[in-house]
Amino acid sequence: MTTLVNSLAVPSTYRDQLYQGTSNQFVDDLSATTTLYVGNLSFYTTEEQIYELFSKCGEIKRIIMGLDRNQKTPCGFCFVEYYHRTDALDCMKYVNGSKLDERVIRCDLDPGFKEGRQYGRGRSGGQVRDEYRTEYDAGRGGWGHRTRQQLEREREMDIKENYEAIKEIPQGAGEYRSRVAMTAMKKRGNEGEQVESHRKRHREQNPRFRENEGEEDEE
């Protein structure tokens, strides 16, 4: 029977470049999978938030958070594995394209998680898309990696051109430094005199010190 509305539970045409298997095997794995790939997540979205949303479609077996390969921090994707395929298809229908942490998330059927796929494949450790992203995205670490590097280089050049280190001492600076040093020396001298005067007064007022001085004189 034909329908006027296309099913929302149809996977995209994307294929993992590191998938080890033939095209037929890939199709077979997708036709039996219970795993979803979830993309466009905020770096700050937690596993608990993902569980709360995706568990509305069925019982979840496990969630694997995508991590920056170097920092081991979340980098904007995850894998959600259900116990039943029908739950994964329902998730494609009802959760794909919805908002989580004010971001429209993308869900796609995945042939199955394998160890190592939880890490980003970009040169900087995150996802490849964040290597080349040119717009600022606060939920995904700000600027893209290459754009951030370019901005840092431009900033360093600007500092060198406009804020060069002082190579010559300005006129009068040496005299000012000498005055400051002399003032500090006088201050330390005055403090020393005050301390000595206080000690002398203390000895004169304390009878014990006067007795000891008398004994020393008798000797």
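Heavy-atom basis, side chains included; hydrogens, waters and symmetry copies ignored.
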- Does the side chain of F79 come within less than 4.5 Å of V38's, by heavy atoms? no

- Message: If you count heavy atoms of other groups shown closer than 6.0 angstrom to CD of E135, is the number above 12?
- Response: yes

- In terms of heavy-atom contacts, G97 and V104 come closest through O-CG1, 3.5 Å

- Do the side chains of D90 and V95 get nearer than 4.5 Å, heavy atoms only? no

- Note on the structure: Separation between OG (S55) and CG (D87), nearest 0.5 Å, reads 10.5 Å

- Item | Test item: K61 and T34 side chains (from C-beta on) under 4.5 Å apart, heavy atoms | no

- D130 and R133 ion-paired at < 4.0 Å: yes

- Group every Ile, Leu, Val, Met, Phe, Trp and Tyr by side-chain heavy-atom contacts under 4.5 Å, then state whether L36 and I64 land in the same group. no

- Smallest separation among heavy atoms of F113 and Q118, with atom names: CZ-OE1, 3.4 Å

- Query: Less than 4.5 Å apart, any side-chain heavy atom of R148 and any of H145?
  - Reply: yes

- Report yes or no: is the cationic atom of R15 (NZ for Lys, CZ for Arg) closer than 6.0 Å to the six-membered ring centre of F26, at no more than 45° off its axis? yes

- Query: Of the non-hydrogen atoms in L41 and R140, which two are nearest, and what is the gap between them?
  - Reply: O-NH1, 2.8 Å

- Item | Joint cluster assignment, L30 & M92, ILVMFWY side-chain distance < 4.5 Å | yes

- Task: Enter the distance from H84:NE2 to C57:SG here, rounded to the nearest 0.5 Å.
- Result: 13.5 Å

- Query: Can you name the nearest heavy-atom pair linking Y82 to C91, along with the distance?
  - Reply: OH-SG, 3.5 Å

- Task: Please check if any side-chain donor atom of T35 sits under 3.5 Å from a side-chain acceptor atom of D110, or the reverse.
- Result: no

- L109 with I60, same ILVMFWY side-chain cluster at under 4.5 Å: yes

- Query: Are the side chain of Q49 and the backbone N or O of D101 linked by a donor-acceptor pair below 3.5 Å?
  - Reply: no

- Would you say the side chains of R153 and Q150 form a donor-acceptor pair under 3.5 Å? yes

- Note on the structure: Taken to the nearest 0.5 Å, the spacing of C78 SG from R62 CZ works out to 12.0 Å

- Item | Rounded distance (nearest 0.5 Å) linking atom CZ of R69 with atom CZ of R123 | 10.5 Å

- Should we say atom CD of E52 is surrounded by more than 12 heavy atoms from elsewhere, each under 6.0 Å from it? no

- Message: To the nearest 0.5 Å, what is the distance between CE on M65 and CD1 on I50?
- Response: 4.0 Å

- Please lay out, stage by stage, how Y119 and K72 fare under the test side-chain contact (heavy atoms from CB on, under 4.5 Å). CA-CA 8 Å; Y119 299 119; K72 301 300 184 291; 3.9 Å; yes

- Message: Strictly below 4.0 Å, N to O, side chains only: are R121 and D16 in salt-bridge contact?
- Response: yes

- Message: Within the 4.5 Å heavy-atom criterion, are C107 and F54 side-chain neighbours or not?
- Response: yes

- For the atom pair OG1 (T33) and CD (E81), what is the distance rounded to the nearest 0.5 Å? 7.5 Å

- Which class fits the ring pair W143 and Y136: parallel under 30°, tilted 30 to 60°, perpendicular over 60°? perpendicular

- Query: Are a donor atom and an acceptor atom from the side chains of T45 and R103 found within less than 3.5 Å of each other?
  - Reply: no

- Is the CD atom of E154 crowded by more than 12 outside heavy atoms at less than 6.0 Å? yes

- Note on the structure: Heavy-atom closest pair (S98 atom, L53 atom, distance to 0.1 Å) is OG-CD2, 4.3 Å

- Query: Does the side chain of N40 come under 3.5 Å of the side chain of R106 through a donor N or O and an acceptor N or O?
  - Reply: no

- Classify the side-chain pair Y19/D29 by whether it contains a donor and acceptor separated by less than 3.5 Å. yes

- Query: How about I63 and Y51: do any of their side-chain heavy atoms sit closer than 4.5 Å?
  - Reply: yes

